[in-house]
Structure formats: C-alpha cells, structure tokens
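Some notes on the structure that comes next.
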Amino acid sequence: MTDNSPKALVIVPARLAATRLPNKPLARIAGEPMIVHVWRRAIAADVGPVLVACGDAAIGEVIARVGGEAILTDPALPSGSDRVHAAAAIYDPDCIFDRVLNLQGDLPAIDPTSIRQALDPLADSAVDLATLVVPTEDPGARTDPNVVKAVMSLASGATLGQALYFTRSDAPFGDGPIWRHIGVYAWRREVLDRFVSLTPSPLERRERLEQLRALEAGMRIDAVVVDDAPLGVDTPEDLKRARALLE
C-alpha cells in the first residue's frame, strides 16, 4: 500500500458452532489451529490491520497467544457479515478505515496475493463490493451445490468483470468454464453498513447465498479472476486434505 492508498481493515469472522465440522476454527493443522493459519495469511497480505471477529472466547484466546488481536462479538449474530460489521464498529468507531475486507476463517491455505487482489476493483468508484473467482471446467464442480458459481460479465482474457448472479446450480449454460466463487469480500464501509441493515432477500433465502441480498438491493459486485481456488474446510474430509497440504 502507498501513503495515498485507501485504508483497509481485514476481519476474519469465526465461531465454533458449525453443523458439518464442529469447533472448526480450532481444528489443528500442522501444529496450529486453523484460524491461526488464516490470520497468518491475512497478516502476510499486508493491506492493513487484521482482526479476528469471534463469537466464542476460545477463538480469541488462541489468536491472543500468537500475538494477534481478536474482538468478541455477539454469538447470536446471524452471519459472518454481521460479525465483521460489529467488529469494525468496535475497533474503528470513527470510520478511519473506509475499506473492510471479510476473509472467511476456513481458508487456511489462501494465497496472500489473492487477499490483496480482492481490493483492486474498489479503485472504480462505481463498484460497491468486490470478491474473487477462479475458472474451472470440472464437470463435478458444475453439478455440486456446495460449489458456488458466479455468472460473470467478463470479456475474453480479462481478469476483472462484473458479477451478475451467484448460484449453486450449473450456470452459465453452454461451453466454457464456470466461475467458482471464493468467499472473500472487500466492502466499502458505507456499503457494508447498508447491507447489514437490510433483511435477507428472497433469492438469498432460496439459494442460501448472502451476496444475493446485495445484488437484489442494486449493489454492484465486481470479481477478480485468480489462478487457484484455495481449499475451503467445511467437512472432516476437507480437514484431512488441508492437513495433507499444509503438513
């Protein structure tokens, strides 16, 4: 970042309650809890202060032990975006930071370069929030409802485009790659404030994808194309793969 760059606050939301993998943030990988791996990747990205917004004191304790900063948020908050918003308000009540980057706590192998790239679309004042996608032609990914697909307006060879829709279905139709969504969000601070004030939208509830609330509210989401999809840890099988990768 240069002296004239917008200030960014990186926040990693984390909570212990998870249906498929309970206590997921504390699962040990290569000798450290998963949340510590994500925190280290965020620090390495070097875009601004890094906080862990935790719904449980145990998460905050492991972050404190490695010298990080954690903010305890209400465990009843309904989503990671709400947790990020709450932590930003506590840490920065005067809104010194005009960019907030929401980095999911289940991406222990994410490339720090990708974290930095997520902020790039916000250089365009017309963009409200930004995210990441990676192309894949894997037929299994097309039909897997756990793989979220972005329908992109993207010129051939371009590495930045506008996201028109997100879905768990196979989309778009026809030959060519699908754009696998990576759960990293770079928000303008005022847009995040507005987003959390809205009620969940019909498409959000139907697809179980929070970002559709933003699209239904008329917000513009742009996405950067990156080379590799970081391993997301949602199941015990994912955890085994993460351990094999990082150990």
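For K149, there are no side-chain hydrogen bond (donor to acceptor under 3.5 Å, both in side chains) partners at least two apart in sequence or on another chain. Under the rule for a side-chain contact (heavy atoms from CB on, under 4.5 Å), the partners of A158 that lie at least two apart in sequence or sit in another chain are L154, A155. With sequence neighbours left out, the ring-ring contact (aromatic ring centres under 6.0 Å, His included) criterion links F97 to no other residue. Judged as a ring-ring contact (aromatic ring centres under 6.0 Å, His included), and not counting sequence neighbours, the contacts of H181 are F166, Y185. For D193, the side-chain hydrogen bond (donor to acceptor under 3.5 Å, both in side chains) test picks out H85, with sequence neighbours left out.
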I'd like to know whether N146 forms a side chain to side chain contact (heavy atoms under 4.5 Å, CB included) with D234, so could you lay out the CA-CA distance, the side-chain angles of the two residues, the decisive distance to 0.1 Å, and finally the verdict. CA-CA 10 Å; N146 294 311; D234 291 310; over 6 Å; no
Run the numbers on D111 and D228 for side chain to side chain contact (heavy atoms under 4.5 Å, CB included), then give the verdict. CA-CA 9 Å; D111 187 341; D228 297 300; over 6 Å; no
Can you check side chain to side chain contact (heavy atoms under 4.5 Å, CB included) on V50 and W39, steps first, answer last? CA-CA 7 Å; V50 178; W39 173 82; 3.7 Å; yes
Stepwise, does the side chain to side chain contact (heavy atoms under 4.5 Å, CB included) test hold for I178 with T136? CA-CA 6 Å; I178 59 167; T136 178; 3.5 Å; yes
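Each side-chain hydrogen bond (donor to acceptor under 3.5 Å, both in side chains) pair with one or both residues in residues 216-225, not counting sequence neighbours, appears once here: S201-E216, R220-D222. Screening residues 238-247 for side-chain hydrogen bond (donor to acceptor under 3.5 Å, both in side chains) gives T235-D238, D238-R241 as the qualifying pairs, with residues at least two apart or on separate chains. Counting only residues at least two apart or on different chains, no ring-ring contact (aromatic ring centres under 6.0 Å, His included) pair has a member in residues 111-142. Pairs engaging residues 152-172 under the salt bridge (Lys or Arg N to Asp or Glu O under 4.0 Å) rule: R142-D170 [sequence neighbours left out].
Contact between A14 and P25 at its shortest, heavy atoms only, is CB-CG, 4.1 Å. Closest non-hydrogen pair, G55 versus P75, comes out as O-CB, 3.5 Å. Among all heavy-atom pairs drawn from V134 and A229, the shortest one is CG1-CB, 3.4 Å. Shortest non-hydrogen contact noted between R213 and L198 is NH1-O, 3.3 Å. Across all non-hydrogen atoms, the minimal contact from R41 to P108 is NE-O, 3.4 Å. Looking at every heavy atom in both residues, V133 comes nearest to I182 through C-CD1, 4.4 Å.
Of the possible donor and acceptor atoms, one in the side chain of D56 sits under 3.5 Å from a partner among the backbone N and O of L16. A side-chain donor-acceptor contact under 3.5 Å links D138 to the backbone of G140. For R188 (side chain) and E190 (main-chain N/O), no donor-acceptor pair under 3.5 Å exists by modelled atom type.
V127 and F195 fall into different hydrophobic clusters, where Ile, Leu, Val, Met, Phe, Trp and Tyr residues are linked whenever their side-chain heavy atoms come under 4.5 Å apart, directly or through other members. Taken together through direct or relayed side-chain contacts under 4.5 Å among Ile, Leu, Val, Met, Phe, Trp and Tyr, V10 and L107 form part of one hydrophobic cluster. L9 and L122 end up in different hydrophobic clusters when Ile, Leu, Val, Met, Phe, Trp and Tyr side chains are linked at under 4.5 Å. Neither L103 nor L129 shares a network with the other; the hydrophobic side chains, linked directly or stepwise wherever heavy atoms of I, L, V, M, F, W or Y lie under 4.5 Å apart, form separate groups for each. Note: the hydrophobic cluster containing V184 does not contain L51 (ILVMFWY, side chain heavy atoms under 4.5 Å, direct or indirect links).
Between atom CD of residue Q117 and atom CG of residue D227 there is a gap of 7.5 Å, rounded to the nearest 0.5 Å. One finds the CZ atom of R180 at 7.5 Å from the CG atom of D144 (value rounded to the nearest 0.5 Å). Interatomic distance, M152 CE to L164 CG, rounded to the nearest 0.5 Å: 7.5 Å. With rounding to the nearest 0.5 Å, the separation of OG1 in T113 from CD1 in I110 is 10.0 Å.
Residues near V147 contribute nothing to a hydrophobic cluster around it, because no ILVMFWY side-chain heavy atom sits closer than 4.5 Å to its side chain. Residue L77 is found outside any hydrophobic cluster, as its side-chain heavy atoms come under 4.5 Å of no other Ile, Leu, Val, Met, Phe, Trp or Tyr.
T131 and Q211 share no donor-acceptor pair across their side chains, judged by distance under 3.5 Å alone.
Between D46 and R116 no salt bridge is recorded (no basic side-chain N to carboxylate O distance below 4.0 Å). The residues R189 and D92 are annotated as salt-bridged, a charged nitrogen and a carboxylate oxygen being separated by less than 4.0 angstrom.
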May I have the list of side-chain donor-acceptor pairs in residues 62-73 shorter than 3.5 Å, sequence neighbours left out?
{"residue": "T73", "atom": "OG1", "partner": "C54", "partner atom": "O", "Å": "3.2"}
{"residue": "T73", "atom": "OG1", "partner": "R83", "partner atom": "NH1", "Å": "3.0"}

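Between D120 and L160 there is no side-chain heavy-atom pair separated by less than 4.5 Å.
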